[in-house]
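By convention in this document, chain letters (A, B, ...) are assigned in the order of the sequence lines, proteins followed by strands, and residues within each chain are numbered from 1.
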Amino acid sequence: MTMATDAPKDGFRLSMLVYDTRYRSYTIQIVVLVLFALAVAWLLNNTVQNLAARGKEFNFGFLWQRAGYDIGQQLIPYNNDDNHFRALLIGLLNTLVVAVLGCIFATILGVLIGVLRLSRNWLVSRLMTVYVEMFRNVPLLLWILLSYVILSEVTPQPRDFRVTDEMVAAGEEPAASMMLFDTIAVTNRGTNIPSALFERGLGTVDLGFVSLNLDFWVILAVIAGSIFVNRRIVHSARATQEATGVRPVTWWKSILILFAPVIAVIVAMGFHLEIPSLKGFNFQGGILVAHSFTALLIALTLYTAAFIAEIVRAGIQAISRGQSEAAFALGLRPNRTMNLIILPQALRVIIPPLISQYLNLTKNTSLGIAVSYLDLRGTLGGITLNQTGRELECMLLMMLIYLSISLMISAVMNMYNNSVQLKAR
Amino acid sequence: MKKSVFFGALAATTLVAGLAGAATLDDIKARGELLCGSNTGLTGFGAPDASGSWAGFDVDLCRAVAAAVLGDPNKVKFVPTTGETRFTALQSGEVDLLVRNSTWTSSRDSELALDFVAVNYYDGQGFMVKKDLGVSSAKELDGATVCIQTGTTTELNLADFFKQNNITYQPVTVADDSEAQRQYVAGACDAYTTDASGLAASRATLPDAENHIILPEIISKEPLGPVVRHGDSNWGDVVRWTYYALLIAEEKGVTSANVEEVLASTTDEEVKRLLGASGDMGAKFGLDNDAFKRSIAAVGNYGEIFSRNIGEGTTINLARGLNALWTQGGLQYAPPFR
């Protein structure tokens with residue numbers, strides 16, 4: 001008598017790796033993995049061999065050598081005795097300041113244009129269409145160059161501001177004059193704006209590689225505190241409204257709490273403006289905002305705003321008409337409908353592509369090299385690379401930094417995206 | 001075990017590839033064309049003319065090398081490089097030879113692994129300003145905005161000069177000579193600084209050259225010369241001795257016009273060796289015996305090249321100065337050709 005068995009139990013055979021579907025997918029994956037690892041190893045080995053053939057070794061020691069070059073725009077103190085790492089930081093900060101300001105301005109402008117493009121006013125909506133198509137379809141580099149050339153060619157030279165004794169005697173006016181109560185000077189090199197000074201400032205705290213300006217942080221802390229207290233006031237007013245149906249009057253409390261403490265602090269520290277004045281070749285005092293920065297910021301903002309406008313338009317149009325009709329039926333006015341019904345839903349559609357635009361803008365700041373803006377590409381990837389001859393190290397480091405910035409922006413925006421997503425209850 | 005064999009094979013192939021790349025002279029002969037890194041456009045030194053063919057002081061040295069190696073001064077492909085890209089272009093093998101007013105420094109020799117084979121122009125860094133700025137010395141430039149080309153030694157010299165003199169400046173870093181000129185002419189910078197020869201060349205192209213002056217201070221030594229990759233000494237020797245051949249030709253009075261005549265009549269043994277009439281000096285470099293004669297016939301001697309491109313009477317109008325022959329009080333001196 002024979003026993004019927006379900007399956008032969010003759011163990012594992014090598015051919016099963018190919019013919020047995022249970023194992024085949026593993027076989028394929030392992031083969032691909034090995035090939036991939038070999039390819040990477042070959043690339044690495046090739047690089048190491050070629051570096052050795054050129055008598056170069058791979059190390060980042062050069063970052064601690066003296067940089068020896070000067071940088072026009074510096075947000076933290078730097079001079080040519082500092083090392084290449086410090087120069088890298090200066091460049092990184094220059095990149096970040098353009099990227100952050102560009103994202104903010106591009107968002108404001110983009111939302112405005114996107115909404116206006118849906119306007120029922122024929123002229124307004126057509127004008128916005130022209131704007132979007134114009135900026136979207138011309139390369140960003142050209143916009144950067146155009147704004148830079150316009151800024152540097154049509155503005156007067158610093159010497160045009162000079163008033164000499166002979167001119168006073170002859171009653172002549174200088175060829176150019178300062179704007180806004182003689183506080184801002186726009187020359188063909190940059191915009192000189194007043195800077196804030198404190199007579200009784202709190203000084204700075206040195207933290208090794210950066211020194212913190214206490215005045216700035218104290219003011220920031222006071223503003224943050226004021227905003228927090230104001231939110232509590234509004235919150236309690238809303239609670240009262242919900243409990244009693246009557247909303248207490250809070251606007252004067254808000255204004256007082258938002259502005260009084262800050263004004264008190266800056267008056268106490270002896271606030272005054274340092275107004276730029278023409279001395280020698282250039283305006284001295286105040287802050288010089290170079291045209292390379294302004295041009296880059298303007299071009300990035302206008303260019304990215306065109307894309308954001310399209311994203312906003314798409315987001316708004318994705319919300320069904322029934323939503324706004326229902327809101328109108330409930331008696332909501334158009335602007336309340338937009339703020340309370342349409343935009344919160346549209347944001348869910350808008351945010352994910354908006355993240356890509358922020359990433360694009362951040363990476364596009366590296367085009368600043370075209371107008372001599374010394375960002376990360378200009379310092380680490382430009383002068384440092386050139387003076388030290390460390391192409392591979394500089395390029396890898398630069399890619400790593402851009403990658404980290406982009407991932408951080410993505411992470412923050414994804415957190416925001418999750419907070420505005422439809423909550424499944 | 002197998003893996004180590006694999007890596008060993010890889011290492012061997014890359015090494016062989018490296019060695020093959022080292023014989024630059026053979027590569028050029030096989031290709032039939034010399035790849036010469038040149039300026040993106042500096043009048044008098046290296047710039048394409050109206051018909052698109054390159055001309056200039058540095059360009060002529062490339063042509064001399066091409067004449068020596070390939071027998072034809074026109075078998076050169078000029079690759080325009082900026083201050084930033086030039087050394088990478090040379091190291092990666094994109095060009096065989098870089099003649100692009102590049103300064104010889106120790107870190108470029110050691111850190112960048114380049115070989116400067118000669119100095120074809122002794123220069124120094126200067127400043128150009130507009131006359132009506134009212135400045136007569138670079139030390140009066142306190143607070144000025146200065147245009148400076150990136151990736152150059154002048155960038156570092158500038159920082160050092162202002163620090164030493166305890167004065168400040170605002171740098172405007174530009175990519176090349178033409179952008180620097182545009183900014184300088186537009187008044188976006190008060191002064192433009194680069195090698196004095198480069199300033200003279202830039203000034204010559206300005207429509208109102210008489211309204212611009214070059215300040216008397218020369219703040220650095222800038223020995224400019226042809227550069228080759230480190231590790232191919234034979235190729236370096238070819239370039240070096242082509243250059244010296246042009247110097248010796250000037251010293252001995254051999255010009256492009258009279259070279260055949262001199263060859264027929266000369267009794268000077270060094271000239272005979274130079275022109276390939278006696279000995280086998282050319283062959284020792286892996287060239288034809290009359291290689292240097294071809295160079296001289298093609299572009300003339302050093303003095304001819306100088307006066308044709310940048311000398312007195314041209315728009316650049318530079319005096320020989322330090323670049324006169326050693327017999328006339330200058331620094332240009334060639335070792336004996338024997």
Report task. Could you give me the CA-CA distance, side-chain angles and deciding distance for B/H212 and B/Y184, then say whether side-chain contact (heavy atoms from CB on, under 4.5 Å) is met? Result -> CA-CA 11 Å; B/H212 303 268; B/Y184 169 75; 2.8 Å; yes

Do [X] and [Y] meet the criterion of a side-chain donor-acceptor pair at a distance under 3.5 Å?
{"X": "B/T145", "Y": "A/N282", "result": "yes"}
{"X": "A/T384", "Y": "A/H84", "result": "yes"}
{"X": "A/Q73", "Y": "A/Y78", "result": "no"}
{"X": "B/N157", "Y": "B/E222", "result": "yes"}

With a 4.5 angstrom heavy-atom cut-off, could you sort out which part of [X] is near chain A: side chain, backbone, both or neither?
{"X": "B/L141", "answer": "both"}
{"X": "B/Y169", "answer": "side chain"}
{"X": "B/E140", "answer": "backbone"}

Spatial distance of atom CD1 (A/I369) from atom CD1 (A/I144) [nearest 0.5 Å]:
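The CD1 atom of A/I369 sits 11.5 Å away from the CD1 atom of A/I144.
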
Which one wins on heavy-atom pair count under 4.5 Å against chain A: [options]?
{"options": "B/V172, B/T153, B/T152", "answer": "B/T152"}
{"options": "B/L158, B/T105, B/L133", "answer": "B/L133"}
{"options": "B/V174, B/T173, B/D142", "answer": "B/T173"}

Can you check whether [Y]'s main-chain N or O pairs, donor with acceptor, with [X]'s side chain at less than 3.5 Å?
{"X": "B/D123", "Y": "B/S197", "result": "yes"}
{"X": "B/K131", "Y": "B/E210", "result": "yes"}
{"X": "A/Q49", "Y": "A/L44", "result": "no"}

With chain B, which of A/G389, A/S372, A/G378 has the greatest number of heavy-atom pairs at distances under 4.5 Å?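 Top option by heavy-atom pairs under 4.5 Å: A/S372.
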
Using non-hydrogen atoms only, which part of [X] is less than 4.5 Å away from chain B: side chain, backbone, both, or neither?
{"X": "A/D70", "value": "both"}
{"X": "A/L288", "value": "side chain"}
{"X": "A/A290", "value": "neither"}
{"X": "A/T388", "value": "both"}
{"X": "A/Y148", "value": "side chain"}
{"X": "A/D81", "value": "side chain"}

